[in-house]
Amino acid sequence: MRNVALSQRPSEAFGAYLFLLPALLPLLLFVYLPLAANLALSLTDWNLLRAEARFVGLENYLALFRDPAFSQVVGQSLIYMVLAALGNFLLPLGLAFLTQGVRGRWQEFYQSLLFLPTVAAVSVASLVWLYLYLPAAGPLAKLFAALGLGLPPLLADPRTALPAVALVANWKFLGFHYLIALAALKGLPREVLEAARVDGAQGLPLLRWVVLPLLGPVLLFLFLSALASALEYAFVPIEVMTQGGPFGRTSNLMYAVYQEAFRFFRTGVAAAEAVLLTLGLGILILGQLRLLEGRVRGAQG
């Protein structure tokens with residue numbers, strides 16, 4: 001009987017792979033093959049204007065590492081990710097805790113209000129904020145003038161341009177992360193919370209030792225999602241509001257890939273940047289996943 005069971009295992013595995021094929025085939029065609037093609041392209045000097053591509057090996061990568069502008073873009077990308085962790089992780093989580101205590105129709109009102117920016121198109125939201133940021137005629141400038149304060153040109157000042165763009169991206173996508181955090185809070189087992197309160201856990205101890213460990217998997221997802229999507233969320237606001245300026249101070253790696261490929265026609269360099277971006281995000285997310293997942297399991301175990 002054991003031999004019969006062993007002889008059936010290869011056919012069972014083959015059948016399992018057949019069931020997985022509808023999901024694996026699109027993944028192969030639209031994810032892994034393009035990644036492999038982009039890696040091959042990064043080893044050439046193709047510029048979209050020539051039919052042939054000359055193999056240059058690692059020259060594109062070496063040129064990037066020697067370029068001070070690339071180092072600046074990498075640093076700005078990290079700043080975008082830090083601001084996204086604040087605006088699309090900590091802030092939605094805090095708002096979820098605050099609005100969960102609101103009862104009745106006011107809770108629905110706050111939920112709708114916080115989710116409303118997510119409904120608007122990113123380009124439309126960027127145009128609205130572009131109007132708000134106008135140095136002299138914008139509503140923010142008039143408000144500051146009425147208070148007797150001066151508002152600097154937020155998008156033209158290299159010191160404020162990047163936070164101003166990041167604010168738009170975080171505001172636009174905050175509602176999605178907020179609803180996930182709120183749903184997780186509402187899904188906490190009430191019997192566990194009541195048992196903790198009976199044992200005397202209240203306030204910060206209840207939050208630290210009961211609520212946050214129960215929210216561990218959701219917090220892990222929200223944090224990784226905020227980091228992984230930080231550069232993507234900022235792409236359209238950058239294009240609409242600053243085009244990477246002033247002096248490249250609002251650009252990031254994802255936007256730099258677009259500029260190199262479709263504005264400067266240096267496709268090989270753009271492909272190399274895309275490879276480095278993919279590796280960087282992959283290493284960062286994998287490291288955070290292993291670290292936080294271990295803490296979550298330790299807290300729940």
Side-chain angles (χ1 to χ4, degrees), residues 72-73 75-182 204 222-223 226-227 229-252 255:
Q72 175 183 326
V73 167
Q76 291 167 180
S77 300
L78 295 177
I79 295 175
Y80 273 112
M81 297 179 74
V82 171
L83 295 176
L86 296 175
N88 281 327
F89 175 66
L90 292 180
L91 182 58
L93 184 61
L95 291 173
F97 277 110
L98 291 175
T99 55
Q100 187 197 23
V102 180
R103 302 302 178 189
R105 295 183 177 180
W106 282 107
Q107 186 181 68
E108 298 178 359
F109 170 75
Y110 286 123
Q111 291 175 14
S112 302
L113 184 66
L114 291 172
F115 188 74
L116 187 61
T118 309
V119 179
V122 187
S123 56
V124 174
S126 301
L127 288 173
V128 171
W129 278 91
L130 187 61
Y131 168 68
L132 293 175
Y133 284 154
L134 286 177
L140 287 179
K142 292 181 179 179
L143 176 62
F144 273 67
L147 297 175
L149 302 173
L151 181 68
L154 297 176
L155 296 178
D157 191 333
R159 297 169 298 179
T160 59
L162 191 154
V165 173
L167 174 63
V168 177
N170 291 343
W171 171 83
K172 172 66 181 68
F173 296 100
L174 178 145
F176 171 72
H177 298 267
Y178 161 75
L179 281 188
I180 294 178
L182 184 63
L204 290 179
L222 285 177
F223 186 69
L227 291 183
S229 57
L231 306 185
E232 177 187 357
Y233 285 171
F235 182 88
V236 175
I238 293 173
E239 175 64 16
V240 173
M241 302 173 73
T242 64
Q243 291 80 49
F247 311 111
R249 293 300 179 88
T250 58
S251 183
N252 60 36
Y255 192 75

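These numbers come from the heavy atoms of this one structure, side chains and all, not from hydrogens, waters or symmetry mates. The structure displayed is predicted, hence computed values, not measured ones.
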Specify whether F89 and F223 have parallel, tilted or perpendicular ring planes, treating 30° as the upper limit for parallel and 60° as the lower limit for perpendicular.
perpendicular
For the atom pair [atom1] ([X]) and [atom2] ([Y]), what is the distance rounded to the nearest 0.5 Å?
X    : Y    : atom1 : atom2 : result
L143 : L151 : CG    : CG    : 9.0 Å
L90  : L222 : CG    : CG    : 10.5 Å
H177 : L114 : NE2   : CG    : 13.5 Å
Y178 : T118 : OH    : OG1   : 11.0 Å
F109 : L113 : CZ    : CG    : 5.0 Å
Y255 : Y80  : OH    : OH    : 10.0 Å

Check whether any side-chain heavy atom of [X] sits under 4.5 Å from a side-chain heavy atom of [Y], and report yes or no.
X    : Y    : result
F235 : N252 : no
S126 : L130 : no
P92  : F176 : no
L174 : N170 : no
W129 : L167 : yes

Could you tell me whether a side-chain N or O of [X] sits under 3.5 Å from a main-chain N or O of [Y], the two making a donor and an acceptor?
X    : Y    : value
Q72  : S251 : no
K172 : S123 : no
T250 : L162 : no
Y133 : A164 : yes

Over 12 foreign heavy atoms within 6.0 Å of CG, L149
yes
For F247, is the CZ atom crowded, meaning more than 12 foreign heavy atoms sit under 6.0 Å from it?
no
So, for [X] and [Y], which heavy atoms are closest and what is the spacing to 0.1 Å?
X    : Y    : result
L155 : M241 : CD1-CE, 3.8 Å
S77  : L231 : O-CD2, 3.7 Å
V165 : P237 : CG1-CB, 3.9 Å
A141 : A136 : CB-O, 3.9 Å

Could you name each residue pair satisfying side-chain hydrogen bond (donor to acceptor under 3.5 Å, both in side chains) that touches residues 139-162, not counting sequence neighbours?
D157-R159
